[in-house]
Amino acid sequence: MQKREKTLPMSEAKSITDRFSKAKLNFLVVLCLTVLVVGLYEPVRNHDFIGFDDRPYVSQNNRVLAGLTREGIKWAFTAFHEANWHPLTWLSLMLDGELYGNYAGGYHWTNVMLHLANTLLLFLVLQRMTGAWWRSGFVAALFAVHPLHVESVAWVAERKDVLSGFFWFLTLGVYVRYVESPSAVRYFLVVVFFVLGLMSKPMVVTLPLVLLLLDFWPLGRPEFREGRRRRLVLEKLPLLFLSALSSAVTVYAQSQYRVVASLDALPLRVRIENALLSYFLYIKKMFWPVDLAVFYPHSVASPLNALQLILLSAFLLSVSILAIRFARTRPYLPVGWFWYLGVLVPVIGLVQVGAQAMADRYAYLPLIGLYIAMVWGGGELISKFQHRNLLALLLVAVTIAPLALVTQRQIRYWQNGVTIFSRTLAVTENNYVAENNLGLSLLEQGRFGEAIGHFEAAVRIKPDFAVAYHNLGAALQAQGRHEEAIRAYRQEIRINGGSGDVYYRLGITLSSLGNLSEAVAMFRKSIVHCPDAPGGYAELGTVLTGLGRFEEAKKAYEQALRLQEDHPGIHNNYAMLLMRMGDRQGAVKHFREALRLQPAYANAHYRLSIIFREKGDAAAAAAHLQSAIEINPEFKDMAER
C-alpha cells in the first residue's frame, strides 16, 4: 500500500503563507530603515565633541573616560552630576569610555546605533499593535530621518535621549505582549523596562499615560467599551508611583544645582506664554524644519500680545476638541494628539530648568504621536483610491526624501563646536549662550582674539552672564592681558559671589603680575570653596615660596600631594622648595618622583644635576644635565652661566 503524504489543512497552510509573507515585508522595512539611518548618520563617526555639555558628560569627565570602574559605577548611582540622576546614561558612557577613550566618533556611533534600534522597535511595536506594516514603516521612517531628531542623535551629551527612548520602546513592546496574554511575569517586565527608562532620563515619566492612550487605540482593550476604565487606571498605579518618585528625585537633583528658574527670574505669565508658543512651534518645525538651533533663547523682554495668546490657545483647544469628537470614528487622532501634548509636559517650561525656551531634543518622543495621527489619517484618505499602494509609496517617497536631505545638511552642522554654534548664531538673535559657547570652542583652538569677541558679545546681550565673564577672563589671560582678565574675573565675582575656579584663576593672574600677597588671599578663597582640589594648594605653595614663607608653603604642598600624589609638577615644585630650605635628601626624593611620573621633565633633571654636583657625584650630575639639555636645549645656556 502506497504511503500518503501528510498535508496541512488549507486554512493552516494559508496562515503559514501569510506569516511568511509578513515576515518578508517586515524584513524589507527593517532593511530600508537600517540603510536610511546608517546612511544618513555615518558622517558622525568623524565628528568631535562640542563644548556644550560634552565636557562635563565625557571629554572632561575622568570617571567616564576611565571606563567601567567600581568607583565610577558607585558614583553613577549616587551622584546628581549635571543636575540629573540618570545612572544608566552614565554607565553607557562609561562603557564607551572603556572602548573608545577620548575618541568622540565612538560615542557618536553608539548614539546612532541606539537611534537605529529605537527606529526598528517603533516599527515592530506599531506593526504588532495595528497589523499595518506600511503605515508603521512610514511612522518609523519619519522618526528615523526627521531633522528635529538630529540633536538627540548627533550630540553625545544627549545619550540620555536615545537611551531612554530605547527603554521606552522596549516597555511598549513588552506591554503589548502583556495585553495580548496578561501575566505577572510580563507585567513585571513592563515595570523593569520602565524603571530602566527612568534611570536613563526622567522625561519618560509620562509613559504610563501613553499606555492608557494605547489601551484605547490601537489595542482596543474591552475595558474601554465595557465602562471598566478604572481597572486600567489601577493597573497603571505602580508605574505612576514610579513616575512620581522619579520626578521627586529629579526636582531634588535640580535644586541641588540651582538650575530651576525662580518665579522672580521667569514669571508664571511668561512660562505659560512660552508653553503655548512652544507647542505650536514644535508642530511648525515638524512641517517646516528650518533654522534649527542648539539653543533657543528665552525672551522675557518680548511677551506675546493678547491676540497672539488668544490664537495660540484657540488653536490648541480646537484641535483637542476635534480630536475628541473623532474618537469613535478615527481613534488614532486623539491618541496621537494627546500623546504629543502629554509627553511634552515635563519639558514644556512650566517648571523652567535652564535658560532655553524650547529644544529640538525635547521633540524626540512627543512627535511620534503626531506622526501616527498624520500617517493613519493619510492612509485612510489614500485607501479610497484605486491605486492606493502606488499612492502610498509615492507619499512616502515625497515626504522622506526632502526630510533626509535637510537632515543630511543639519548633521554637518554638528561637526564640532565652531560649526554648530556658528550656525545657531546665524539663525537666532541675541543668543548669549551660543556666543559664549562659540567663544569657548574658539578658545580651545587657540583663536583667542575671536573668542574674546564672542565673550564680549555674550555679556553685551546679557550683562549678568557670569559664565561669559569667566571665559572672557580666561581668554584675556591666555593673551597675556592680565589687567583686563582681572577686571573680568572681578565682574564675575560681583555677579555670582565667586567660585573656587574664579578665585584660582584670579590668583594665578595676580601672581603673574607679581602681586603675590593678594594672590595668596585668592588661593585661600579658592581652597575654601574647593577644599578637595589640589591645584589651589599647589599654587598657594608656589606664591608663599616666592614670598619667602617657606614653612607655610611646605604645608600647602604637602596637602596638595595628599590630594593628588601622582602630579609631577607638584613634586617638582615641592622639591625646589626643599632645596631652598636646605633639605637636599627630600628634594632628591621628590625630583625623582617627578621623573618617575614624567620622565621627560627637564627642570627635575637640571635641579638633580645641581644637587649631585654639590655632592661631588660628577657622573650622576653629568647624566642628569645631559638629559635636561636633550629635552630642553635652553638648559645648556643655564649650565654655562
Side-chain angles (χ1 to χ4, degrees), residues 26 29-42 44 86 88-89 91-93 95-96 107-130 133 135-176 189-190 192-207 210-211 214 286 336 339-340 343-344 347 359-372 375 400 403-404 407 410-411:
N26 285 349
V29 174
V30 165
L31 181 62
C32 291
L33 291 173
T34 301
V35 170
L36 202 56
V37 172
V38 173
L40 272 178
Y41 282 97
E42 190 275 337
V44 303
H86 40 46
L88 283 192
T89 295
L91 293 180
S92 74
L93 291 170
L95 179 58
D96 278 0
Y107 297 84
H108 282 299
W109 197 243
T110 300
N111 276 20
V112 173
M113 290 298 99
L114 284 168
H115 181 57
L116 173 60
N118 294 342
T119 299
L120 300 182
L121 283 170
L122 173 59
F123 164 67
L124 294 172
V125 170
L126 269 180
Q127 200 279 332
R128 178 100 185 186
M129 288 191 295
T130 65
W133 71 269
R135 296 184 196 187
S136 301
F138 193 4
V139 169
L142 287 170
F143 177 78
V145 307
H146 202 286
L148 271 180
H149 302 327
V150 170
E151 181 171 295
S152 294
V153 184
W155 187 1
V156 171
E158 286 311 308
R159 171 67 55 82
K160 50 188 177 286
D161 265 7
V162 288
L163 186 62
S164 62
F166 178 68
F167 290 114
W168 172 286
F169 294 118
L170 282 178
T171 305
L172 290 183
V174 174
Y175 182 74
V176 172
L189 288 175
V190 171
V192 168
F193 285 127
F194 179 53
V195 169
L196 294 176
L198 292 173
M199 292 168 67
S200 304
K201 185 178 182 179
M203 187 174 169
V204 302
V205 292
T206 54
L207 182 52
V210 170
L211 297 182
L214 298 179
M286 181 185 69
W339 174 316
Y340 168 70
V343 178
L344 262 178
V347 290
D360 295 349
R361 60 189 178 274
Y362 292 162
Y364 190 68
L365 293 174
L367 286 187
I368 295 170
L370 297 183
Y371 299 155
I372 291 171
V375 169
I400 297 302
L403 286 176
T407 291
Q410 186 66 21
I411 289 170

List in chain and number order the residues that pass side-chain contact (heavy atoms from CB on, under 4.5 Å) with [X], two or more places apart in sequence or in another chain; answer none if no residue qualifies.
X    : answer
S92  : R159, L163
P366 : M203, Y340, V343, L344
V176 : V125, R128, M129, E180, L219

Partners passing side-chain hydrogen bond (donor to acceptor under 3.5 Å, both in side chains) against [X] (at least two apart in sequence or in another chain):
X    : answer
W339 : none
S152 : D161
T206 : none

Throw together a table of side-chain donor-acceptor distances under 3.5 angstrom for residues 30-40, partners on residues two or more places apart or in other chains.
unit_1 : atom_1 : unit_2 : atom_2 : d
T34    : OG1    : V30    : O      : 2.8

Notebook entry, point to check: Is there any salt bridge (Lys or Arg N to Asp or Glu O under 4.0 Å) pair reaching into residues 361-372, and which pairs are they, with sequence neighbours excluded?
Noted result: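 Counting only pairs at least two positions apart or across chains, the salt bridge (Lys or Arg N to Asp or Glu O under 4.0 Å) contacts touching residues 361-372 are E151-R361, E158-R361.
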Checklist line | Test applied, side chain to side chain contact (heavy atoms under 4.5 Å, CB included); reference residue, L114; option that passes from V153, V162, T119 | finding: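 In the set V153, V162, T119, the residue that makes a side chain to side chain contact (heavy atoms under 4.5 Å, CB included) with L114 is V162.
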Checklist line | With D360 via salt bridge (charged side-chain N to carboxylate O under 4.0 Å, His left out) - residues at least two apart | finding: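 If we apply the salt bridge (charged side-chain N to carboxylate O under 4.0 Å, His left out) test to D360, skipping adjacent residues, there are no hits.
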Check: Under the side-chain hydrogen bond (donor to acceptor under 3.5 Å, both in side chains) rule, what pairs show up with a residue in residues 139-148, not counting sequence neighbours?
Finding: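 Applying side-chain hydrogen bond (donor to acceptor under 3.5 Å, both in side chains) to every pair that reaches into residues 139-148, excluding sequence neighbours, yields nothing.
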Checklist line | Partner residues of F143 under the ring-ring contact (aromatic ring centres under 6.0 Å, His included) criterion, sequence neighbours left out | finding: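 Testing F143 for ring-ring contact (aromatic ring centres under 6.0 Å, His included), a comparison that skips the adjacent residues, returns H115, H149, F169, Y364.
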Margin query: Can you list everything that forms a ring-ring contact (aromatic ring centres under 6.0 Å, His included) with Y362? Sequence neighbours excluded, please.
Written below: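 ring-ring contact (aromatic ring centres under 6.0 Å, His included) check on Y362 returns nothing, list empty.
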Check: Is there a donor-acceptor contact under 3.5 Å from the side chain of T89 to the main chain of S200?
Finding: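 Yes; at least one donor-acceptor contact below 3.5 Å.
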